[in-house]
Amino acid sequence: PGGSLQVGTKIFELTDNSRKELYSGKDEARSFMVQIWYPANPLPENKKAPWMSRADIYGPAISRFLKLPFFFLNHLALAKTPAYIDAPIAETGTPYPVILFSHGWDGFNAQNTGQMIQLASRGYVVVAVNHTYGAVATIFPDGRIAYNNPNALPDGAPDADYEIAARKLVDQWAGDLAFTLDNLVTGEHLPDNLLDFNRVGVYGHSTGGGAAIQFCGTDPRCK
């Protein structure tokens, strides 16, 4: 990394029982995956993280989205990052500001990994949501795979219908960001006393940029 700090990363599932999943066709709570990058003091047993935790699934899914042969991105399984899996967070005496990231339509949480690692090496905690059924794929710890649901953002729909669908989707993604921040406050995955919740920023790519604007327009925690 370009900064002075080493970087750790964690991946985990969150389930928001207060919200229903809108795009699975099932009566179930909203669940999604989250990845965090943070300043760390890695131990000898902490290994370097791959760019994609399941390139065998993400690679073909992205290839299909790009209309390429399914095997075209198989080499992504070989890509490593400078971040260490589950490394202990570094305690520098000053809480770290928090940045939330929302990917684009048919994107994925790790698409900006290089940027996340650069930020974490400079003293930020960066949290990326993998928005289930909006991401190219979401892979849960129990083996379930949820691929992108094209009906959530219907291509070719009349403008009025498309806008309704887009607002519904962005509201759900903004809800994912809010629940992610709620979870961080609990200290379940990183010590909450090491996170500065008075300095929270949000950004996103494409549809995720819309989610960031929606979140910051409705949640006063976004500064």
Side-chain angles (χ1 to χ4, degrees), residues 1 7 9-14 21-26 28 30-37 47-86 100-120 126-159 161-162 165-166 168-170 172-173 176-177 180 203-212:
V7 176
T9 186
K10 296 175 181 284
I11 301 174
F12 51 89
E13 179 182 357
L14 292 179
E21 175 55 63
L22 303 177
Y23 302 112
S24 67
K26 302 175 183 178
E28 59 183 353
R30 174 69 171 168
S31 293
F32 53 91
M33 297 299 296
V34 170
Q35 185 164 4
I36 299 181
W37 294 263
K47 297 180 179 180
K48 293 285 185 70
W51 179 42
M52 292 180 170
S53 58
R54 289 296 306 273
D56 58 321
I57 294 172
Y58 277 111
I62 297 170
S63 294
R64 286 194 296 271
F65 174 67
L66 298 175
K67 297 180 173 58
L68 297 169
F70 74 92
F71 57 81
F72 191 79
L73 297 177
N74 283 357
H75 62 284
L76 295 180
L78 304 176
K80 298 288 184 181
T81 75
Y84 291 87
I85 301 170
D86 293 332
L100 302 176
F101 173 73
S102 179
H103 62 73
W105 175 249
D106 243 327
F108 55 103
N109 63 307
Q111 66 183 48
N112 290 41
T113 292
Q115 190 178 48
M116 312 301 190
I117 290 173
Q118 289 287 343
L119 288 166
V126 189
V127 190
V129 174
N130 206 71
H131 299 289
T132 313
Y133 297 109
V136 66
T138 302
I139 305 164
F140 291 101
D142 63 3
R144 289 178 296 133
I145 303 173
Y147 289 103
N148 176 277
N149 182 347
N151 294 323
L153 203 59
D155 188 31
D159 288 349
D161 294 342
Y162 186 88
K168 178 181 176 181
L169 182 75
V170 164
Q172 187 190 55
W173 287 21
D176 292 345
L177 294 172
T180 298
Y203 78 111
H205 168 247
S206 191
T207 305

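Scope of the values below: all heavy atoms of this structure, side chains included, with no hydrogens, waters or symmetry mates.
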Check your understanding: More than 12 heavy atoms of other residues, nucleotides or ligands under 6.0 Å from CZ of F70: is that the case?
Key -> no
**Study point:** Modelled atom types, side-chain donor and acceptor of S102 and H205, under 3.5 Å
**Key:** no
Point to revise | Between T9 and Q35, a side-chain donor and acceptor under 3.5 Å | key: yes
Check your understanding: Is Y84 close to K48 at the side-chain level, that is, under 4.5 Å between some pair of heavy atoms?
Key -> yes
Check your understanding: To the nearest 0.5 Å, how far apart are OH in Y133 and CG in N151?
Key -> 12.5 Å
Check your understanding: Between I139 and R54, which heavy-atom pair has the shortest distance, and what is it?
Key -> CD1-CB, 3.4 Å
Check your understanding: Roughly how far, to the nearest 0.5 Å, is the CD1 atom of I57 from the CD1 atom of I145?
Key -> 3.5 Å
Practice item. Of all the heavy-atom pairs spanning W105 and P150, show the shortest one and how long it is. Key: CZ2-CA, 4.1 Å
**Study point:** Donor-acceptor pair, side chain of S206 and main chain of G208, under 3.5 angstrom
**Key:** no
Check your understanding: So, H103 versus W173, ring centres under 6.0 angstrom or not?
Key -> yes
Check your understanding: After noting the C-alpha distance and the side-chain angles of V129 and N109, does the key distance pass the side chain to side chain contact (heavy atoms under 4.5 Å, CB included) rule?
Key -> CA-CA 6 Å; V129 174; N109 63 307; over 6 Å; no
Check your understanding: If we ignore angles and hydrogens, is there a donor and acceptor under 3.5 Å between the side chains of T113 and W51?
Key -> yes
**Study point:** R144 to F140 six-membered ring, cation-pi geometry met (6.0 Å, 45°)
**Key:** yes
Check your understanding: Got a donor-acceptor contact below 3.5 angstrom from the Q115 side chain to the N112 backbone?
Key -> no
Check your understanding: Under 6.0 Å from the six-membered ring centre of Y23 and within 45° of its axis: does the NZ or CZ of R30 meet both?
Key -> no
Revision key, fill the gap. Tightest non-hydrogen contact, residues V170 and G210, listed as CG1-O, 3.5 Å
Exercise for review: For residues Q111 and F101, determine if any side-chain heavy atom of one lies less than 4.5 Å from a side-chain heavy atom of the other.
Suggested key: yes
Exercise for review: Run the numbers on S63 and F71 for side chain to side chain contact (heavy atoms under 4.5 Å, CB included), then give the verdict.
Suggested key: CA-CA 7 Å; S63 294; F71 57 81; over 6 Å; no
Study note, to complete from the structure: Heavy-atom nearest pair, G204 first then A212, reads N-CB, 4.1 Å
Check your understanding: Hey, are the side chains of L14 and T180 touching, using non-hydrogen atoms and a 4.5 Å cut-off?
Key -> yes
Review point. Do other residues, nucleotides or ligands put more than 12 heavy atoms under 6.0 Å from F72 CZ?
Key: no
Check your understanding: Of all heavy-atom pairs between L169 and A152, which one has the smallest distance, and what is that distance?
Key -> CD1-CB, 4.1 Å
Check your understanding: Does Y58 use its side chain to pair, donor to acceptor, with the backbone of A137 at less than 3.5 Å?
Key -> yes
Review point. How long is the gap from CG on L73 to CE on M52, to the nearest 0.5 Å?
Key: 7.0 Å
**Study point:** Distance (rounded to the nearest 0.5 Å) between I36 CD1 and M116 CE
**Key:** 11.5 Å
**Study point:** Worked check of side chain to side chain contact (heavy atoms under 4.5 Å, CB included) between T81 and I117
**Key:** CA-CA 8 Å; T81 75; I117 290 173; 3.7 Å; yes
Practice item. List the atom of P60, the atom of A55, and the distance in Å for their closest heavy-atom pair. Key: CD-O, 3.6 Å
Study note, to complete from the structure: Rounded to the nearest 0.5 Å, the OH atom of Y162 sits from the CG atom of L153 at a distance of 3.5 Å
**Study point:** side chain to side chain contact (heavy atoms under 4.5 Å, CB included) between N130 and F32, worked out
**Key:** CA-CA 6 Å; N130 206 71; F32 53 91; 5.8 Å; no
Review point. Is the side chain of T132 donor-acceptor paired with the backbone N or O of S31 at a distance under 3.5 Å, no angle test?
Key: yes
Check your understanding: N148 side chain to G134 main-chain N or O, any donor-acceptor pair under 3.5 Å?
Key -> yes
Review point. What is the distance from atom CG of D106 to atom CD1 of I62, rounded to the nearest 0.5 Å?
Key: 9.0 Å
